[in-house]
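Below: the structure, in structure tokens.
Note that the numbering runs from 1 along the sequence shown for the chain. In this text the structure is predicted, and so the values were computed from the model without any measurement. Atoms considered below: every heavy atom in the structure, side chains included; atoms not considered: hydrogens, waters and symmetry mates.
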Amino acid sequence: MSDIIKVLPDSVANQIAAGEVIQRPASVIKELVENSIDAKATQVQIILKEAGRTLIQVIDNGIGMTDTDARLSFERHSTSKIRKADDLFALHTNGFRGEALASIAAISQIELRTCCRGADLGTHIIISASQCESQEPDVCQSGSNFMVKNIFYNVPARRKFLKSNSVELSNIVKEFEKLALVNPTVEFTLVHNDSVMYKLGSGSFKQRIKSLFSRNLDQQLIPISIDTDLVKIEGFVSKPENVRKRNFLQYLFVNGRFMRHPYFHKAIVASYEQLIPEGTQPNYFLNFTVDPETIDVNIHPTKTEIKFENEQPIWQILSAAVKESLGRFSVAPTIDFDTVGALDMPAYQPLELDNIEAPRLDIDPTYNPFNAERKPATARPSQGGGSYAKSHPAMDWESLYENFESSKLVGLDAAEDEPAPAEEPEQAAIDCGDDGAGDSAVMMQIKGRYIVQPVRSGLMLVDQHRAHVRVLYDRYIKQVSNNSIVSQSVLFPEVLHLSQSQHLIMAELCEEIEKVGFSLSSLSGTDWSVSAIPAGVENVDVKDLLLQVIDSIIEGGDSIASRVFEHIALTVAERAAIPYGKVLNNGEMEALIGDLLRLPQPNYTPAGKTVICMLPLDRIDGMFS
């Protein structure tokens, strides 16, 4: 047997590594900016063209590189951060694997100009698809200037799966926010298509939070600060009255690195138990400082999942710190007993009891309430126009039930002797084949969730919420295709306060959302006004609905250009559909089942969930065999 195991070429190996490290333009920015921070930069400028598809440029004033280091930095596993395996457990830098630049170079064209601090001459290097095309001396500023062009140009399949520019730019903004938050002393500038999106100066952690999100957020946060032998936790959490249903801001950092940690997130949310409404979550911005030897950051390519050695004790410390801050700063309004400056009130004068005259009572000495000749008081008429007792004479309950037991026995005996009724003709069974509407008299609802209807083959069970979602979805799609969507103006326009990343999506989605029946207008900053909504969603939280649409576009697998109507129509249908627990009368059940069975695909929701289940007669017979 011949040998079949071969060593992959560097170009292929680099592309495989790039698939883990570089997923989209935002990944490139994360790696380059982290390198700038590790190089002790105090100013970082990010310049983008077409959401990073055409150009990603990162300029810093860090320590720079020599010509040899510049060339070697693009080789796999070449790094200045560690020297031996033990250094992995004493990391003080963001990067350490030496794979980022090699992965970026494998799927793009790179130009690098870099110069060491104090040097007169730097170097200019050009790399394309991991191949060094040229390197020569160049006069440039101290620091590094990376230009990443045409990302995924040599991997068409990967480039094809990039989303629209607004979605990719939204992901870039989210990554930028994380980097800017954890490095508040670094000046950041973000420019997209020659337009400055962010220009952040150096400042405190709280100032950076206000600069990135909202100045009003300053009044909604309470500080947290605790220092123990295991961990030091500093940052802010939101007051209970400022929690959100959606669009919450939740950031955890450890040793200057962003992390996702569901266990610590649960500790924070649990601290708000019985303080916030169900379905809401608080904002939080927390920095953890621990001994690098007690954490492992090398368990995921993106280095956002981190394992803690003392996870459970830190959980308890975090929970206690949040509860202590909530108890200290979330104080109920107190009563002010200070009378300085109060209105002038007349002085208190004691009552003179001698001058008070008792009221006189008129008493009829001849009144006898037991006198039968006295006319009874007139009864108050009922709301129906007469007395219930007057229209329904008193019943003799004893005579009514005196023969109850004997008549019950006679009734059972008579029922046993009575011949069985003739079998009903087959046509009496409900047939849902043509118009889908059956005999509404035999429909029933179970626990406000399911509708049961007999059919020829057995019993049909329908999930009422999913059925209504299917009906509304098809109706919206048909109305949009026919340009017959009906809008309804709202009395008071709703105002949406969006983040920068959500604002980018809304700007591109605006025209498509309006085709579904909304009327939107952009206000100052990232705020939007909603003045009209589709008919049928009047009782739906419009803000939450539109935020869900935006999130589904960002997190979904499709670009905005494809299936945008489906995203919006499905979200509107799910929020406007009959909720579980709503009791329906026979007419409503009949109308819903009729509309459902007239659709071309009634069995499943647009998301693929089951709407109709059948319980065949043979299975029912088997239950009684």
Side-chain angles (χ1 to χ4, degrees), residues 22 24-65 69-70 73-74 93-95 100-101 104-105 108-119 122-127 138-151 165 168-205 207-213 256-258 499-501 503-504:
I22 307 303
R24 52 177 53 94
S27 304
V28 176
I29 293 173
K30 172 184 179 295
E31 299 295 342
L32 294 181
V33 172
E34 285 183 347
N35 283 343
S36 297
I37 301 302
D38 290 340
K40 300 179 176 55
T42 59
Q43 296 177 350
V44 178
Q45 184 178 10
I46 305 170
I47 301 174
L48 305 172
K49 297 289 186 182
E50 297 183 7
R53 292 172 184 265
T54 304
L55 173 66
I56 299 173
Q57 186 174 8
V58 176
I59 307 171
D60 67 60
N61 64 344
I63 61 176
M65 291 181 283
D69 287 344
S73 65
F74 293 97
T93 58
N94 292 292
L101 292 181
I104 296 172
S108 64
Q109 299 168 331
I110 294 182
E111 285 190 39
L112 169 62
R113 289 180 172 87
T114 182
C115 181
C116 294
R117 288 178 180 173
T123 185
H124 178 205
I125 185 171
I126 298 177
I127 294 180
D138 192 6
V139 177
C140 52
Q141 295 180 349
S142 299
S144 299
N145 183 346
F146 282 90
M147 299 178 66
V148 181
K149 304 177 182 178
N150 301 322
I151 185 173
N165 285 350
E168 294 299 341
L169 185 57
S170 174
N171 286 311
I172 290 173
V173 169
K174 288 183 177 181
E175 197 64 50
F176 176 82
E177 291 171 350
K178 299 172 188 175
L179 295 166
L181 274 175
V182 76
N183 299 286
T185 59
V186 178
E187 298 179 9
F188 284 96
T189 304
L190 178 61
V191 180
H192 179 248
N193 291 343
D194 300 325
S195 175
V196 178
M197 298 181 63
Y198 288 98
K199 190 172 182 61
L200 307 176
S202 175
S204 66
F205 187 43
Q207 289 172 337
R208 182 57 54 90
I209 293 174
K210 292 192 298 182
S211 300
L212 281 172
F213 302 110
R257 186 191 309 273
F258 172 80
S499 65
Q500 184 66 38
S501 58
H503 171 71
L504 297 171

For Ala51 against His192, the heavy-atom pair lying closest together: N-NE2, 3.0 Å
Does either side chain, that of Gln57 or that of Asn145, offer a donor lying less than 3.5 Å from an acceptor on the other one? yes
Once rounded to the nearest 0.5 Å, what's the spacing between atom NZ of Lys30 and atom NZ of Lys178? 9.0 Å
Donor-acceptor pair, side chain of Asn193 and main chain of Glu50, under 3.5 angstrom: yes
Rounded to the nearest 0.5 Å, the CG atom of Asp69 sits from the CZ atom of Phe74 at a distance of 11.5 Å
Test item: Ser73 side-chain N/O and Ala70 main-chain N/O as donor-acceptor pair under 3.5 Å: yes
Compare all side-chain heavy atoms of Ile209 with those of Leu181 and state whether any distance is below 4.5 angstrom. yes
Expected output: side-chain Ser202 to main-chain Val186 donor-acceptor under 3.5 Å: no
Donor-acceptor contact present, side-chain Arg117 to main-chain Asn61, <3.5 Å: yes
Could you tell me the separation between the CG atom of Leu190 and the CD atom of Glu177, rounded to the nearest 0.5 Å? 10.0 Å
Kindly compute the distance separating CD1 (Ile59) from CG (Leu32), expressed to the nearest 0.5 Å. 11.5 Å
Taking everything shown except Lys49 itself, do over 12 heavy atoms lie less than 6.0 Å from its NZ? yes
Taking all non-hydrogen atoms of both residues into account, name the closest pair between Cys140 and Gly122 and its distance. SG-CA, 4.0 Å
Closest non-hydrogen atom pair between Met65 and Thr114, with its separation: N-OG1, 3.0 Å
Please report the interatomic distance CD(Glu111) to CD1(Ile127), rounded to the nearest 0.5 Å. 11.0 Å
Contact between Asn35 and Phe146 at the side-chain level, heavy atoms closer than 4.5 Å - yes or no? no
Side chain to side chain contact (heavy atoms under 4.5 Å, CB included) between Met147 and Arg113, intermediate numbers included: CA-CA 9 Å; Met147 299 178 66; Arg113 289 180 172 87; 4.3 Å; yes
Report the C-alpha separation of Phe188 and Asn183 in whole Å, then their side-chain angles, then the decisive distance to 0.1 Å, and conclude whether the side chain to side chain contact (heavy atoms under 4.5 Å, CB included) test is met. CA-CA 9 Å; Phe188 284 96; Asn183 299 286; 4.1 Å; yes
N/O donor-acceptor pair under 3.5 Å between Arg208 side chain and Pro184 backbone: yes
So which atom in Ile22 and which in Glu31 form the shortest heavy-atom distance, rounded to 0.1 Å? CD1-CG, 4.2 Å
Using the rule side chain to side chain contact (heavy atoms under 4.5 Å, CB included), only one of Thr189, Leu212, Val191 pairs with Tyr198; which is it? Leu212
Do any N or O atoms from the side chain of Asp60 and from the backbone of Gly62 form a donor-acceptor pair under 3.5 angstrom? yes
Rounded distance [0.5 Å steps], CE in Met197 versus OG in Ser501: 9.0 Å
Could you walk me through whether Leu48 and Ile29 pass the side chain to side chain contact (heavy atoms under 4.5 Å, CB included) test, one step at a time? CA-CA 10 Å; Leu48 305 172; Ile29 293 173; 3.7 Å; yes
From the options Leu55, Thr54, Ile110, Ile56, select the one residue that forms a side chain to side chain contact (heavy atoms under 4.5 Å, CB included) with Lys149. Leu55
